[in-house]
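Protein chains get the first letters and strands the later ones, always in sequence-line order, with residue 1 at the start of each.
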2 protein chains.
Amino acid sequence: MTRVLIVDDEPQMLRALQINLEARQYTVATAQDGSRALDEAAAFPPDAVILDLGLPGLDGTEVIRALRVWSAVPVIVLSGRSGATDKVIALDAGADDYVTKPFSMNELLARLRAVLRRPASDEPIGGSAVIGDHTVDLAGCTVRPVPVRLTPTEWRILTVLVQHPGRLVTGRQLLLDVWGPGHERKTNYLRVYLAGLRRKLERDPAHPRHLLTEPGMGYRFEP
Amino acid sequence: MTRVLIVDDEPQMLRALQINLEARQYTVATAQDGSRALDEAAAFPPDAVILDLGLPGLDGTEVIRALRVWSAVPVIVLSGRSGATDKVIALDAGADDYVTKPFSMNELLARLRAVLRRPASDEPIGGSAVIGDHTVDLAGCTVRPVPVRLTPTEWRILTVLVQHPGRLVTGRQLLLDVWGPGHERKTNYLRVYLAGLRRKLERDPAHPRHLLTEPGMGYRFEP
DNA sequence: TCGAACCTTGACGGATCCTTGACGCCGCTT
DNA sequence: AAGCGGCGTCAAGGATCCGTCAAGGTTCGA
């Protein structure tokens with residue numbers, strides 16, 4: 001179920017939004033001022049936030065900035081002001097969209113669908129993976145129980161693969177993440193380093209079970 | 001360098017946007033109609049698209065849908081219409097933002113920064129479908145629970161079909177999306193690859209239930 | 001200065017995939 | 001009944017991609 005946090009100080013607006021969203025099967029949480037909104041977002045991380053700018057106490061822009069310190073949750077700003085500078089300030093503070101009152105409920109819902117459509121970016125940093133007889137710890141850059149020495153480039157490649165377990169990673173994506181823009185064509189790098197990783201980690205490097213290759217597509221880490 | 005593709009049929013609007021964006025160090029590509037925009041986006045994938053809705057020929061909404069078949073690039077729609085239904089249609093077609101003319105250049109730039117801020121998702125669009133005993137995951141290019149290996153061309157065809165569930169996709173459209181312009185006559189490709197897909201995914205390849213042929217028309221994915 | 005570890009680059013055989021043509025089946029038309 | 005076009009199937013070739021190896025080139029510390 002998709003959780004939406006609505007922040008507004010006007011009870012009737014809050015209620016109207018809540019009814020409309022719940023009718024569309026969203027789970028709704030509400031807050032009437034900025035600090036309570038931050039508490040609520042921290043306690044139960046929502047999938048999206050609808051935020052009125054004209055809040056008592058903490059300014060709406062400050063709420064966005066505070067949220068953005070630790071969360072990438074999509075934020076749609078509601079505001080009575082239609083001035084361009086207000087929009088610029090809110091968007092640059094970290095808002096994803098800006099809707100001017102009065103607005104159409106259908107438009108707001110469409111914009112909500114639009115920001116929710118983007119891939120949820122709650123991917124954790126680090127993690128660990130089991131390959132053959134080895135357990136690799138990405139955060140600590142260590143391999144247990146038998147210590148195996150990996151080069152920096154090998155670590156970067158392994159990190160990208162392990163952070164998308166079971167999913168295919170395009171050769172282009174891998175080259176982009178590890179070597180940066182401008183190296184998308186050097187697929188031979190990947191061949192060399194994947195061979196090295198398999199030789200060091202796989203039980204049978206000739207028949208890998210975890211660091212798989214998808215011909216023509218890319219590579220995949222299979223847990 | 002951040003690449004932005006601007007699509008507008010009015011030369012002066014095109015020029016004004018280009019000058020403003022280039023002054024902010026963006027790399028700008030332009031197109032004056034929908035089909036050229038799609039060609040340009042396929043040849044040099046941009047990091048964001050600014051799209052005028054009132055295009056000659058191909059409708060702006062259709063441009064978004066065609067883009068969304070294979071790309072998740074952020075799209076900001078420009079439009080002279082401020083009606084709520086127009087916004088809803090464009091946003092649900094896959095647009096990320098909707099700006100009504102006349103607009104402030106600073107606001108547009110702020111919205112551009114907002115859509116570019118989200119993690120670079122040059123990954124293909126996701127989605128999943130059930131075919132026979134298999135569940136195909138387009139985002140991860142995986143088939144569960146029994147792993148099935150599909151070739152790159154098979155994935156591209158399946159992506160186009162699954163993105164239009166229940167709807168007919170003409171052979172021409174399929175050839176255009178998968179092989180690009182200039183291959184519209186090679187319908188035998190489709191026969192070969194559809195046969196391969198059915199052999200790998202359908203329970204009874206001789207009597208397909210999900211990857212259907214509409215004689216004389218094209219193909220259809222039936223969920 | 002030297003050496004070691006690492007990164008780049010090229011070449012080659014083998015595996016995989018794409019393309020192409022041929023053949024037979026089926027439904028429709030003549 | 002014969003002809004025709006669209007479709008499914010199959011196999012062979014050519015093109016492309018991948019695994020492997022080895023030889024420089026670079027960086028960094030001893």
Requested in this report: Scan residues 201-221 of chain B for pairs that pass side chain to side chain donor-acceptor pair (under 3.5 Å), counting only residues two or more places apart or in two chains.
Outcome: B:Asp133-B:Arg203, B:Arg198-B:Thr213, B:Asp204-B:His207, B:Glu214-B:Arg220, B:Arg220-B:Glu222

Report summary line: Of B:Met217 and B:Arg199, the one whose closest nucleotide on DNA chain D sits nearer the 5' end is B:Met217

**Report entry** side chain to side chain contact (heavy atoms under 4.5 Å, CB included) involving B:Arg65 - partner list, sequence neighbours excluded
**Finding:** B:Thr61, B:Glu62, B:Ala93

Query - Footprint string (nucleotides 10-30 of chain C, 5' to 3'): B base within contact, S backbone only, - free, heavy atoms under 4.0 Å - result: ------SSSBB----------

Query - Contacts of B:Ser82 that satisfy side chain to side chain contact (heavy atoms under 4.5 Å, CB included) - sequence neighbours left out - result: B:Thr100

Query raised in the report: Without hydrogens or angle criteria, can the side chains of A:Ser104 and A:Asn106 be said to hold a donor-acceptor pair below 3.5 Å?
Result: no

Requested in this report: On DNA chain D, reading 5' to 3', which nucleotide is the first and which the last to sit with an atom under 4.0 Å from a heavy atom of chain A, could you check?
Outcome: D:dC17 to D:dC21

Report task. Name all residues meeting the side chain to side chain contact (heavy atoms under 4.5 Å, CB included) criterion together with B:Pro152; count only those two or more places apart in sequence or in a different chain, and write none if there are none. Result -> A:Met217, B:Arg156

Report summary line: Residues at least two apart in sequence or cross-chain that pass ring-ring contact (aromatic ring centres under 6.0 Å, His included) with A:Tyr193, listed by chain then number, are A:Trp179

Report summary line: Sorted by chain and residue number, the side-chain hydrogen bond (donor to acceptor under 3.5 Å, both in side chains) partners of A:Asp47 (sequence neighbours excluded) come out as none

Requested in this report: Identify, with sequence neighbours excluded, every residue that meets side-chain hydrogen bond (donor to acceptor under 3.5 Å, both in side chains) alongside A:Arg68.
Outcome: A:Asp96

